[in-house]
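The structure under discussion appears below in the form of structure tokens.
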Number of protein chains: 2
Amino acid sequence: MTAATSGPRLRDVNRVAVLALIGRHGPISRADIARRLGLSPATVTAVTRSLIEAGVIRKVDDGIPQGGRPAELLAVVGRAAHAIGVKVAAGRLTGVRADLDGTLLHTFSAPFDETAVNPFGALSELLAPHVAAVDDAPLLGIGLGVPGFVDSRTGLVEAPLLGWRHMPLRDYLSQLLDVPVLVDNDVNTLAAYEHLYGLGRPYEDFLTITLGQGIGAAVVSGGDLRRGGHGAAGELGHLPIDPAGPPCHCGRRGCLETYVSDGALVQQAREVGAVGPDAGPADLRAAADSGHPGAQEVYRAAGARVGTVAAGLVTVLDPQAVLVSGEGTLAWTHLADGFVTALRAGMFLPLVDAVNVHVDPWDDTKWALGAAALVLRAPFTMNAEPHTDAIRARLAAFPGAEVTQ
Amino acid sequence: MTAATSGPRLRDVNRVAVLALIGRHGPISRADIARRLGLSPATVTAVTRSLIEAGVIRKVDDGIPQGGRPAELLAVVGRAAHAIGVKVAAGRLTGVRADLDGTLLHTFSAPFDETAVNPFGALSELLAPHVAAVDDAPLLGIGLGVPGFVDSRTGLVEAPLLGWRHMPLRDYLSQLLDVPVLVDNDVNTLAAYEHLYGLGRPYEDFLTITLGQGIGAAVVSGGDLRRGGHGAAGELGHLPIDPAGPPCHCGRRGCLETYVSDGALVQQAREVGAVGPDAGPADLRAAADSGHPGAQEVYRAAGARVGTVAAGLVTVLDPQAVLVSGEGTLAWTHLADGFVTALRAGMFLPLVDAVNVHVDPWDDTKWALGAAALVLRAPFTMNAEPHTDAIRARLAAFPGAEVTQ
DNA sequence: CCGCTAAATTCGGCGAGTGAATGAAGGGTC
DNA sequence: GACCCTTCATTCACTCGCCGAATTTAGCGG
């Protein structure tokens, strides 16, 4: 199916497919591209020539000869374009500038009052200098990751944690800064990063689970991010655990987050006397690091809880891998045992050895890089969403593209 | 992405898209097709003409004039092709023959010994006469739904319930009967039916949950069936509920199935004295129908358990709808309250009013129809899996197609 | 009868993709 | 070093899908 919303851009479907293959599967020869995509060598030559002339890809190396003429390995030119990625959190923005190949160029951070009368105006002013900064490579656009959900059709943001309802963040910023803007759930942006540049590169079906202040998930299936019917997929933190459990900010009781969010863990540690009344997540980690059994047990139990939930997801979704990320992985040494044990114990048995688990060491800028990846992956996908076309057009406008005219 | 395995058949991507649109969204005008797919009217005229000449679609009606020339509504010709669908269960086969538009032509059923030395030989002999039966429309192929999981690449079947491991059912049958054969998990086949002909027609993102001897699920996301990385997606029955729970035939303890399968419900009813020691599912239903509070409570609790699990899935996957089906829905009047209450109570709050719940009244032949739908949907999808190309080729060979040559 | 509107068709042209032949660049063999 | 073999890459003539613009068809209302 997939047909319904497919845009008019069916012409260069192969151009995108070739670029995606080069982008995701590293340096690769034309012959290999032709084989993998089922295209004729002639077509691959034509497509790659146009991409080379546009400066988007280049020959990086000679392959080792396989008994004949050695292959020329092609890879994307990171400097062909760049994007800005921003993670929006309550009180603070974290931003990056990244190359087309995901290379981190520059990071920035600033306080942000999401409760202001016009938070978008402040956001726009904050980003404007970065947009205006000269660079020899074109700015493809700005990606934003927000802790909430986004209707990718309308671009409206629902972010209870920020107090935002029906906020037209995408279109507003795009108009003000005159740059393509993409907005998505922050965990989805992270998954976009993992898929394109990170641990998810080898997979077409994987799960990303994030631990921290909240608990999140993103589903990549069939090589595409699954946002669900209303853009609200992945709300793992609000999985019902116990209808009589602690109240959750979402309005329910006993959501997973009320048991394993950073705040919940600290609370549990306080109750067993593992940390003092004013302790924070770092104190809890320190307690566990120094061998406090109560603190360690809090982590183990939390890991087990998430592991069990993950096992359920794996059983239903059958991914090739589960990636764990987020600030919470700072305490991974304490969480790992509970998580892995519960995951393996709860997975549908035949899958136990078939699903890989990777932990992505947490990094402040990775979420923002993910937001940038949201933009940087646009040239590599066939989506015909509003701003992705504009992004592709900006890449095509790279010097060299018009020279061919 | 999606690129990697995309076959060489990119030429007629629009032909497939048009056919899919006509097939799934009922009688529709050319102008409407052009608008929805973003194609030019000229292209739609050309594509539909070729489909009409091939006998696959036809004009069925005039639309009501919108102020101009009235539209011609196009629909698929059911008699253009047919397929055989078979549900394979322990001890029994249920089969159907169905038209391209999902019309049920004929049903058959036969005992089947899946533990025989060569069960495929027996299966082949059973199906041979139905394959040989003359029909003016071409037989596109045979679809089989099996209670287990299937690697769609290799076609190997893992079906613990049947005692099958690494069984090359697809290729074996295909070779013996000289007909394209598709094999999939039985719940997936049901979802294929729902998506193409049933309650799932309006949706591109929905969940199918089946209740009965086992508990199953199928995920349709982005308009495609999601089979997971190893073809094992949807094993809802083996969701871990309680690691200390009753033993499950899968080798774990406390899987969902051990609480809410038909057998488990009867067992629970026996324990509370709601039914006698030799009672079966029908007796339990009868007890509940006649108002026995113990029996009703067994159903309510089971419904609630499944509802909670469904709520979790909805929270993570955000479908547009949840379809409930399977033999277990015979007792839906007793299950409904527990299920719906728990589902609504456990769903991520903003989704509560956005997700529709439909119950598909259980019907012996529906699963088999689903298996047929697996074949019948092949012309409507872009998958380049082994046998789907052969199926499309058979449809194209319909009288009229070669006349145009 | 004449405009108005929307659906459908025709037609010339463009451009992506292909197959087949050709050229390029290594390794191996004697 | 001449020769063959293999694999990668390119060129070229050709096909075919798709498009834009113009045209025809078919109902409605005044």
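Basis for what follows: all heavy atoms, side chains included, without hydrogens, waters or symmetry-related copies. Every chain is numbered from 1 and lettered A, B, ... according to where its sequence line falls, protein lines coming before strand lines.
At whole-Å resolution of the value, CD1 in A/Ile64 and P in D/dT7 are 14 Å apart. A straight line from CD of A/Glu53 to P of D/dT10 spans 11 Å, rounded to a whole angstrom. As rounded to whole Å, 13 Å separates atom P of C/dG17 from atom CD1 of A/Ile33. Following rounding to the nearest Å, B/Ile52 (CD1) and C/dA8 (P) show an atom-to-atom distance of 10 Å. Rounded to a whole Å, the CD1 atom of A/Ile57 is 11 Å from the P atom of D/dA9. The nearest whole Å value for the distance from the CZ atom in B/Arg15 to the C1' atom in D/dC18 is 15 Å. To the nearest angstrom, P of C/dA7 lies 13 Å from CZ of B/Arg36. Rounding to whole angstrom units, CG of residue A/Asp32 and P of D/dT7 are separated by 14 Å.
Taking the side-chain hydrogen bond (donor to acceptor under 3.5 Å, both in side chains) definition, one finds that A/Tyr203 meets it with A/Asn356, A/His358, sequence neighbours left out. Scored by the side-chain hydrogen bond (donor to acceptor under 3.5 Å, both in side chains) test, B/Ser152 finds no partners at all (sequence neighbours excluded). Annotation: ring-ring contact (aromatic ring centres under 6.0 Å, His included) contacts of A/His230 (sequence neighbours excluded): none. Applying the side chain to side chain contact (heavy atoms under 4.5 Å, CB included) rule to B/Ile52 yields the partners B/Arg30, B/Ile57, B/Leu74; only residues at least two apart in sequence or on another chain are considered. Applying the side chain to side chain contact (heavy atoms under 4.5 Å, CB included) test to A/Asp32 and every residue at least two apart in sequence or in another chain returns A/Ile28, A/Ser29, A/Arg35, A/Arg36. Every side chain to side chain contact (heavy atoms under 4.5 Å, CB included) that A/Asp184 has, sequence neighbours left out, goes to A/Asn188, A/Thr189, A/Leu225, A/Arg227, A/Leu374. Under the side-chain hydrogen bond (donor to acceptor under 3.5 Å, both in side chains) criterion, A/Asp61 pairs with no residue, sequence neighbours left out. Partners of A/Pro168 by side chain to side chain contact (heavy atoms under 4.5 Å, CB included), not counting sequence neighbours, listed by chain and number: A/Phe120, A/Leu156. In terms of the salt bridge (charged side-chain N to carboxylate O under 4.0 Å, His left out) criterion, A/Arg58 has no residue partners (sequence neighbours excluded).
Taking a 4.0 Å limit (strictly below) on heavy-atom distances, residues 40-48 of chain A reaches DNA chain D at A/Pro41, A/Ala42, A/Thr45.
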Tabulate protein N/O versus nucleotide N/O from nucleotides 1-3 of chain D, keeping only pairs under 3.5 Å, one per line.
none

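The shortest distance between the side-chain N/O atoms of A/Arg49 and the OP1/OP2 oxygens of D/dA9 is not below 4.0 Å. Dashed line: the shortest gap from a side-chain N or O of A/Arg30 to OP1 or OP2 of D/dT7 is not under 4.0 Å. Phosphate contact (OP1/OP2 of C/dA16, side-chain N/O of A/Asn14, threshold under 4.0 Å): absent.
The closest donor-acceptor contact from the side chain of B/Asp62 to the backbone of B/Glu72 lies at 3.5 Å or more, if one exists at all.
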Exercise. Between A/Leu139 and A/His82, does a side-chain contact (heavy atoms from CB on, under 4.5 Å) hold up when you go through it step by step?
Worked result: CA-CA 5 Å; A/Leu139 174 66; A/His82 73 275; 3.6 Å; yes
Exercise. Which nucleotides of nucleotides 25-30 of chain D have their base under 4.0 Å from a protein heavy atom (B), which only their sugar-phosphate (S), and which neither (-), written as one string 5' to 3'?
Worked result: BBB---
